Amino acid sequence: MKTIQLLSAVLVMSMLTACAGGGGSDEGNAKANSVDANGYCTQEFITNYNNVLLEFNHLQILLGGIPNEDRILAQMKAAHGACKKLFPQHEGVTCKAEVKYEITDISSNTFKEGCKKTEEGLKQLGQL
């Protein structure tokens, strides 16, 4: 039960961070493998960003259902693995992407706090 309470706190933090959006970054800090010359996100960045989004969404679904600590813990580890591909490689990156047929800015910082809290939670549970 302690695991589920900890995971719920992690998820709330990550979702609040995602809703608030990420902070910006200046053009000089954008990494070549994250942003193209026109300010658009590279496919590598979008893939890593979407993987983190999907893993956190799956974790949210598990936390909203019948408690199953093993499945939740496994999903936390999957989310952490996705986070490790996004950070630090794409840390602080903001770029343009098509979202629901509109060009908008997305940022890796959207998931920074959620990824940090997930790692802290796994450490507290002795899983890292």
Side-chain angles (χ1 to χ4, degrees):
M1 190 55 132
K2 181 180 177 184
T3 302
I4 292 174
Q5 290 171 340
L6 177 63
L7 298 176
S8 295
V10 166
L11 182 65
V12 168
M13 285 301 300
S14 65
M15 290 295 121
L16 288 176
T17 303
C19 290
S25 66
D26 59 56
E27 297 283 325
N29 290 337
K31 297 179 178 161
N33 58 349
S34 302
V35 183
D36 70 14
N38 297 316
Y40 285 87
C41 305
T42 62
Q43 188 60 50
E44 179 183 348
F45 176 83
I46 290 171
T47 298
N48 290 335
Y49 180 95
N50 284 341
N51 285 341
V52 173
L53 178 65
L54 291 171
E55 296 299 352
F56 275 130
N57 283 344
H58 189 194
L59 182 58
Q60 182 180 17
I61 290 167
L62 289 174
L63 288 171
I66 298 171
N68 183 326
E69 289 190 16
D70 291 336
R71 289 184 66 199
I72 292 169
L73 185 58
Q75 187 56 39
M76 266 186 88
K77 290 178 181 179
H80 177 66
C83 288
K84 286 175 64 175
K85 291 181 180 175
L86 187 64
F87 298 104
Q89 181 178 3
H90 303 290
E91 188 163 357
V93 171
T94 300
C95 50
K96 299 175 202 170
E98 185 176 323
V99 179
K100 296 183 181 178
Y101 306 108
E102 292 187 24
I103 302 299
T104 188
D105 287 339
I106 63 172
S107 174
S108 62
N109 289 343
T110 300
F111 299 111
K112 188 173 185 177
E113 187 67 21
C115 287
K116 180 180 173 189
K117 293 291 184 185
T118 300
E119 183 172 354
E120 289 172 0
L122 287 170
K123 284 180 180 176
Q124 286 180 0
L125 296 169
Q127 299 297 313
L128 289 181

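Here the structure is a predicted model, which means the values were calculated and not measured. Just so you know, these numbers use all the heavy atoms, side chains as well, and skip hydrogens, waters and symmetry mates.
- In terms of the side-chain contact (heavy atoms from CB on, under 4.5 Å) criterion, residue partners of Lys84 (sequence neighbours excluded) are, by chain and number, His80.
- Between Phe56 and Thr118, the closest heavy-atom pair is CE2-OG1, 3.3 Å.
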Verdict with supporting geometry, Asn109 and Lys112, side-chain contact (heavy atoms from CB on, under 4.5 Å): CA-CA 5 Å; Asn109 289 343; Lys112 188 173 185 177; 4.1 Å; yes

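- Atom CG of residue Asn48 and atom CD of residue Gln43 lie 10.0 Å apart, to the nearest 0.5 angstrom.
- Evaluation of the side-chain contact (heavy atoms from CB on, under 4.5 Å) rule for Lys100 yields no partner, not counting sequence neighbours.
- Summarising the geometry, atom SG belonging to Cys115 is positioned 10.0 Å from atom CD belonging to Glu91; distances are rounded to the nearest 0.5 Å.
- A search for side-chain contact (heavy atoms from CB on, under 4.5 Å) contacts involving Asn38 returns Asp36, Tyr40, not counting sequence neighbours.
- You'll find the side chain of Glu113 reaches within 4.5 Å of the side chain of Lys117, heavy atoms only.
- Follow the hydrophobic side-chain contacts under 4.5 Å out from Leu54 and you never reach Val52; the two are in separate clusters.
- Looking at every heavy atom in both residues, Leu86 comes nearest to Tyr49 through CD1-N, 3.9 Å.
- With sequence neighbours excluded, no residue forms a side chain to side chain donor-acceptor pair (under 3.5 Å) with Glu102.
- To the nearest 0.5 Å, the span separating NZ on Lys85 from CG on Asn51 amounts to 6.5 Å.
- Aromatic ring centres of Phe87 and Phe111: separated by at least 6.0 Å.
- For Glu98, there are no side chain to side chain donor-acceptor pair (under 3.5 Å) partners, not counting sequence neighbours.
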Yes or no on side-chain hydrogen bond (donor to acceptor under 3.5 Å, both in side chains) for Ser34 and His90, after CA distance, side-chain angles and deciding distance? CA-CA 6 Å; Ser34 302; His90 303 290; 2.5 Å; yes

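- Residues Leu53 and Ile103 fall into different hydrophobic clusters, defined by Ile, Leu, Val, Met, Phe, Trp and Tyr side chains chained together at heavy-atom separations under 4.5 Å.
- Under the rule for a side chain to side chain donor-acceptor pair (under 3.5 Å), the partners of Gln75 that lie at least two apart in sequence or sit in another chain are Glu55, His58.
- Between Leu128 atom CG and Glu119 atom CD the span is 6.0 Å, to the nearest 0.5 Å.
- At least one donor-acceptor pair closer than 3.5 Å links the side chain of Asn68 to the backbone N or O of Arg71.
- Side-chain atoms of Ile72 and Leu59, non-hydrogen and from C-beta on, do get closer than 4.5 Å to each other.
- Remark: Cys41 engages Phe45, Ile46, Cys95, Ala97, Ile106 in a side-chain contact (heavy atoms from CB on, under 4.5 Å) (not counting sequence neighbours).
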Check against side-chain contact (heavy atoms from CB on, under 4.5 Å), Leu122 and Lys77: CA-CA 8 Å; Leu122 287 170; Lys77 290 178 181 179; 4.0 Å; yes

